[in-house]
Amino acid sequence: MAEKKAKITVLVSGGGTNLQAILDAEKSGIINSGEVSLVISNKSDAYALTRAANAGVKTAVVSKKDYPDAKEFEKKLIETIDSNGTDLIVLAGFMVILSENFTRHYDHKIINIHPSLIPSFCGEGFYGLRVHEAALAKGVKVTGATVHFVNEIPDGGEIIMQKAVYIEDGDTPEILQRRVMEQAEWQILPESIEKVCSKIICK
Ligand code: GAR
């Protein structure tokens, strides 16, 4: 009999290195309690879509610009997710803030990776390279990444895992971004997914 696995939907916007880490972790068995069933991008040219296709995972594009407002965009997003079915939604570099209506619909079923140690450098306006620019501008000596549940407060939901990363002399936002990905994000995102999925399938 096939093992029971939680069905995962991954939402992406860009390069998809975190998506790649998830797909690799599925292959290597680090993620054993869930499987990525659908990848949705809000950008039709996101390289993450190619990564998904290369792994044989179904993809969809739901772009804000095709809808009159955020409400209609989220309605289509929900339709796309629910028609495929999902146990867990993973925001892996998804650069859209979701409304309370959306987050309530999937209470404790959405997780996000954020490239800082929350509650530092998080919330509206802190995404991608901007987070690392802000950390360097502040002069902090330690940063890192956080995986958390998503609720109506941007980057405000319950924390699942965090990992610290040291800042080094000569760091630029780009160098720091890469180190945070390599030393923290690509490790704690798959581990958090396994943790959450193993609880889902035990329910
Ligand atoms: C990652 O660093 C992720 O933590 C960050 O965007 C990057 C996406 O890279 N997410 C946020 O800033 C969300 N607020 P990727 O497309 O290569 O995974």
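Atom set for the values below is all heavy atoms of this structure, side chains included, hydrogens, waters and symmetry mates excluded. The first residue of the sequence shown is numbered 1, and numbering continues consecutively from there. One-based numbering, in listed order, for ligands and for the atoms of each.
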Peer 1: May I ask you to list the atoms of ligand 1 that are less than 4.0 angstrom from any heavy atom of F126?
Peer 2: 14 (N)
Peer 1: Which heavy atom of V39 sits nearest a heavy atom of L49, and at what distance?
Peer 2: O-CD2, 4.5 Å
Peer 1: Using modelled atom types only, decide if a donor and an acceptor are shared between the side chain of K109 and the backbone of I89 within a distance under 3.5 Å.
Peer 2: no
Peer 1: Is the closest heavy-atom distance from R130 to ligand 1 below 4.0 Å?
Peer 2: no
Peer 1: Can you list every pair that meets side chain to side chain donor-acceptor pair (under 3.5 Å) and has a residue in residues 115-131, with sequence neighbours left out?
Peer 2: H114-S116, Y127-R130
Peer 1: Less than 4.0 Å between a side-chain N and a carboxylate O, is that true for K76 and D66?
Peer 2: no
Peer 1: Give me the nearest non-hydrogen protein atom to atom 13 (C) of ligand 1 as residue plus atom name, then the distance to 0.1 Å.
Peer 2: I113 O, 3.9 Å
Peer 1: Which heavy atom in I175 sits nearest to a heavy atom in G170, and how many Å separate them?
Peer 2: CD1-O, 4.1 Å
Peer 1: Using distance alone, decide if ligand 1 has a nitrogen or oxygen within less than 3.5 Å of any nitrogen or oxygen in H132.
Peer 2: no
Peer 1: Any idea which atoms of ligand 1 are less than 4.0 Å away from a heavy-atom of E185?
Peer 2: 1 (C), 2 (O), 3 (C), 4 (O)
Peer 1: Quick one: which of G16, G128, G125, G14 has a heavy atom closest to atom 16 (O) of ligand 1?
Peer 2: G16
Peer 1: Tell me: protein heavy atom nearest atom 11 (C) of ligand 1, and distance?
Peer 2: P115 CD, 3.7 Å
Peer 1: Identify the residue among L38, T9, V10 that makes a side-chain contact (heavy atoms from CB on, under 4.5 Å) with T86.
Peer 2: T9
Peer 1: Looking only at heavy atoms, which two atoms of A92 and I113 are closest? And how far apart?
Peer 2: CA-CG2, 4.1 Å
Peer 1: Write out the residue and atom name of the closest protein heavy atom to atom 6 (O) of ligand 1, then the distance separating them to 0.1 Å.
Peer 2: M95 CE, 3.2 Å
Peer 1: Should you measure from each heavy atom of M181, which atoms of ligand 1 turn up under 4.0 Å away?
Peer 2: 1 (C), 2 (O), 9 (O), 17 (O)
Peer 1: Show every ring pair (Phe, Tyr, Trp, His ring centres under 6.0 Å) that has at least one partner inside residues 60-111, sequence neighbours left out.
Peer 2: F102-Y106, H108-F149
Peer 1: Give the residue, atom name and distance (to 0.1 Å) of the protein heavy atom nearest atom 14 (N) of ligand 1.
Peer 2: H114 ND1, 3.4 Å
Peer 1: Backbone or side chain, does any N or O of Y127 fall under 3.5 Å from an N or O of ligand 1?
Peer 2: no
Peer 1: Which protein non-hydrogen atom lies closest to atom 8 (C) of ligand 1, naming both residue and atom, and how far is it?
Peer 2: G93 CA, 3.7 Å
Peer 1: Might you point out which heavy atoms bring E74 and S99 nearest each other, and give the distance in Å?
Peer 2: OE1-OG, 2.5 Å
Peer 1: Select one of side chain, backbone, both or neither to describe which atoms of F94 lie under 4.0 Å from any atom of ligand 1, heavy atoms only.
Peer 2: neither
